[in-house]
Amino acid sequence: MTLVSNLINGISLGSVYAIIALGYTMVYGIAKMLNFAHGDVIMVGAYISYVSTASLNVPPLLSVVIAMAVCTVLGILIEGLAYRPLRKASSLAVLITAIGVSYLLQNAALLIWGSTPISFASVVPFDSVSLFGGKLVITAESIVTVAVSIVIMVLLNLFTKKGKMGKAMRAVSEDKDAAQLMGINTNATISMTFAIGSALAAVAGVLLCSAYPMLTPTTGSMPGIKAFTAAVFGGIGSIPGAMLGGIMLGVIEIFATSYISSELSNAILFAILIIVLLVKPTGLLGKAVKEKV
Amino acid sequence: MQILMGTVTTAPCVAVSAESNADNIFTLTPSASSTDVIGGQPDENGNVTIPRKSNVFQMCFTDPNQGIASADYIKEQNLGTKIAVIYNNGDAYSTGIFQKFQSEAKTLGLEIVNVSSFPSDDTTDFTAQLNAARNAGADLVFLPIYYTPAALILAQADSMKYTPKFFGVDGMDGILGVKEFNTSLAEDVMLLTPFSADAEDEKTQNFVAKYKEKYGDTPNQFAADAYDCIYALYEACKAKEITSDMSNEDICSALIEQFTDPSFVFNGITGTDITWKDTGEVSKSPKGMVIKNGVYVGM
């Protein structure tokens, strides 16, 4: 029963990583950049949801919508102000800028909301489910997180495969210049990618803080790094890969803590990442793309 | 700078106290509790890796003392028979308390059924650690950690419907100050802390009232220790007739003399008859507190 319980906890934690990883992977897949500020957009989303429920008395579900709207605008702003001017610059410059944006968001949050941790009230209105006479308890947050992450993955996959905008995204992803020649507005497409990624970040932030109710200005950073790892693990750029990577990472983390050593859980996690990348450098579901010379 | 009152926590204080030692600036830290702050303490192999920084004194208990006091308290009050520990192995404070707790528990014959850890205070998921404690049949979980992870542990234990007794140390103080915290989660949580805002003596009442007026919040032990530091320094300076035109070296040696003088006894809000040893450690008695209806009550 402990095994099942650990497995469920792992999948639940992994689903949060997966939603965050979807944001990383989308932006990387299309704009070919690592948006390290993604983890901090999550934190902003959680704060917006908190402020709307606590100060403006908005119902929890509506607060999620508000958080998504604010984060969408924030995502477009970050892209437009910080990344767009660097479109032709080296990828290293973009990476450093992303780290800068990450610190900017953390410190802005520190100024606005202070360093006092906030105990985040769950937006999930159900109670935990007790099975086998209380031996196995599944929290409502885990169920909702897993369900939401699956729905998001399916929708995103459909969106990029079927819709017109999705096709444009894939075209930009394959060859930015050629896409532009074919009449695709690459800037608008990349903005759209950031908008979707940031809206997802808001959902992830609210779910993360509902399951683990502690909100501080650095709440997003560690899950952000782990989710980035998950995205690489699953094959960065691949949507099902991010999902698979996220869930596997969550399960490995909980199992390593339970059965091997709680002291070494992070070390084991990253050791597995290194091994996977040595054996399969593109990640579990990543495609090997030949570079044109 | 002539005298330093700081820093708040251990990790920065280890760095800062090395500098203040080099510059001969008298340092009294309110709440940096590791023995690395004062130096001169042997590790488990009996080696002194950090020599005594003679200018550094503490207002709070050292980590080993807290670990020992916690084990003693649990034994004396018969609070639990099967004990689990969850500590932060990336943090000197938490690890320090845990190690002393473990060896003292062994001496006292307390049974530790499970020990698990987590790597940093950013950790979000504690379900594996709590599952391990529950499976080991622990009826008391000792949490030598800060209140941020502790609040998460309490919330996750609650949603897992695991209800052992929880016992914390002074880092747990502050948990009731977390915004929007559901205090019912902390009901019956016990902790050893030198300060209670509900104490009825006049000094504490005055301090709490003034603090509330100024900051709109109830002070915790971090605030109280800092408050005591300032008054301890004030009394010591008065006794040695220290004036602002003296050099920091002269102030430092005068204050060291005063603080190590056995006749220098300080009465504050974190304890009465407080004295200091040559080692820089404070000597005062910890108070056992239990949280009832969102406030500390003496045990």
Side-chain angles (χ1 to χ4, degrees), chain A residues 1-3 5-6 8-10 12-14 16-17 50 53-54 113-122 127-128 130 134-142 208-209 211-216 218-223 225-226 250 253-259 261-267 269, chain B residues 8 84-91 94-95 98 114-136 146-163 174-186 215-217 220:
Chain A
M1 204 52 69
T2 321
L3 185 78
S5 170
N6 279 331
I8 291 171
N9 290 331
S12 160
L13 177 66
V16 179
Y17 291 157
Y50 161 73
T53 43
W113 293 295
S115 61
T116 312
I118 291 164
S119 187
F120 192 90
S122 174
D127 202 17
S128 305
S130 250
K135 274 190 195 152
L136 182 64
V137 180
I138 306 175
T139 64
E141 285 80 9
S142 339
L208 175 75
C209 291
Y212 308 107
M214 184 57 65
L215 178 57
T216 65
T218 53
T219 291
S221 55
M222 198 59 189
I225 291 173
K226 295 235 176 102
E253 185 176 333
I254 299 274
F255 273 46
T257 310
S258 300
Y259 300 113
S261 157
S262 51
E263 296 184 0
L264 291 178
S265 64
N266 275 355
L269 197 69
Chain B
V8 177
V85 185
I86 302 176
Y87 74 102
N88 178 350
N89 73 317
D91 180 29
S94 187
T95 316
F98 160 67
N114 180 261
V115 174
S116 60
S117 64
F118 55 95
S120 74
D121 281 340
D122 292 339
T123 309
T124 46
D125 193 289
F126 297 93
T127 50
Q129 289 86 339
L130 286 165
N131 257 329
R134 169 148 71 182
N135 289 329
Y146 287 117
Y147 62 86
T148 345
L152 277 173
I153 288 179
L154 293 178
Q156 284 170 33
D158 181 68
S159 59
M160 288 168 66
K161 302 191 173 17
Y162 176 44
T163 52
I175 195 162
L176 297 173
V178 173
K179 266 194 219 160
E180 313 287 330
F181 184 65
N182 177 2
T183 49
S184 69
L185 290 175
Y215 303 106
D217 207 354
N220 57 21

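In what follows, chains carry the letters A, B, and so on, assigned in the order in which the sequence lines appear, proteins first and then strands, with residues in each chain numbered from 1. This one's a predicted model, so the numbers in the text were calculated from it and none came from an experiment.
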Response to the item:
So NZ of A/Lys226 and OG1 of B/Thr124: to nearest 0.5 Å the spacing works out to 6.5 Å
Discussion item. Is B/Ala155 close to chain A through its backbone or its side chain, or both, or neither, when contacts mean heavy atoms under 4.5 Å?
Written reply: side chain
Worksheet item: Taking C-beta and beyond as the side chain, do A/Asn9 and B/Asn131 meet within less than 4.5 Å on heavy atoms?
Response: yes
Worksheet entry | Structural part of B/Tyr87 lying under 4.5 Å from a heavy atom of chain A | side chain
Practice prompt. Enter the distance from A/Ile254:CD1 to B/Gln129:CD here, rounded to the nearest 0.5 Å.
Written response: 7.5 Å
Discussion item. What part of A/Met214 gets within 4.5 angstrom of chain B, counting heavy atoms only: side chain, backbone, both, or neither?
Written reply: both
Item to complete: Using non-hydrogen atoms and a 4.5 Å limit, figure out which bit of A/Ala140 sits close to chain B: side chain, backbone, both or neither.
Response: neither
What pairs of donor and acceptor atoms, side-chain ones from residues 176-185 of chain B against any protein atom, are under 3.5 angstrom apart with sequence neighbours left out?
{"unit_1": "B/Glu180", "atom_1": "OE2", "unit_2": "A/Tyr50", "atom_2": "OH", "d": "3.2"}
{"unit_1": "B/Asn182", "atom_1": "OD1", "unit_2": "B/Ser184", "atom_2": "N", "d": "3.2"}
{"unit_1": "B/Asn182", "atom_1": "OD1", "unit_2": "B/Ser184", "atom_2": "OG", "d": "2.7"}
{"unit_1": "B/Asn182", "atom_1": "ND2", "unit_2": "B/Ser184", "atom_2": "OG", "d": "3.4"}

Discussion item. I need the B/Leu154 CG to A/Ser119 OG distance, nearest 0.5 Å.
Written reply: 10.0 Å
Item to complete: Would you give the length of the straight line joining atom OH of A/Tyr212 to atom OG1 of B/Thr127, rounded to the nearest 0.5 angstrom?
Response: 6.0 Å
Response to the item:
In terms of heavy-atom contacts, B/Ala128 and A/Asn6 come closest through CA-OD1, 4.1 Å
Worksheet, complete the sentence: Residue set satisfying side-chain contact (heavy atoms from CB on, under 4.5 Å) with A/Ala267, at least two apart, ordered chain then number -> A/Leu264
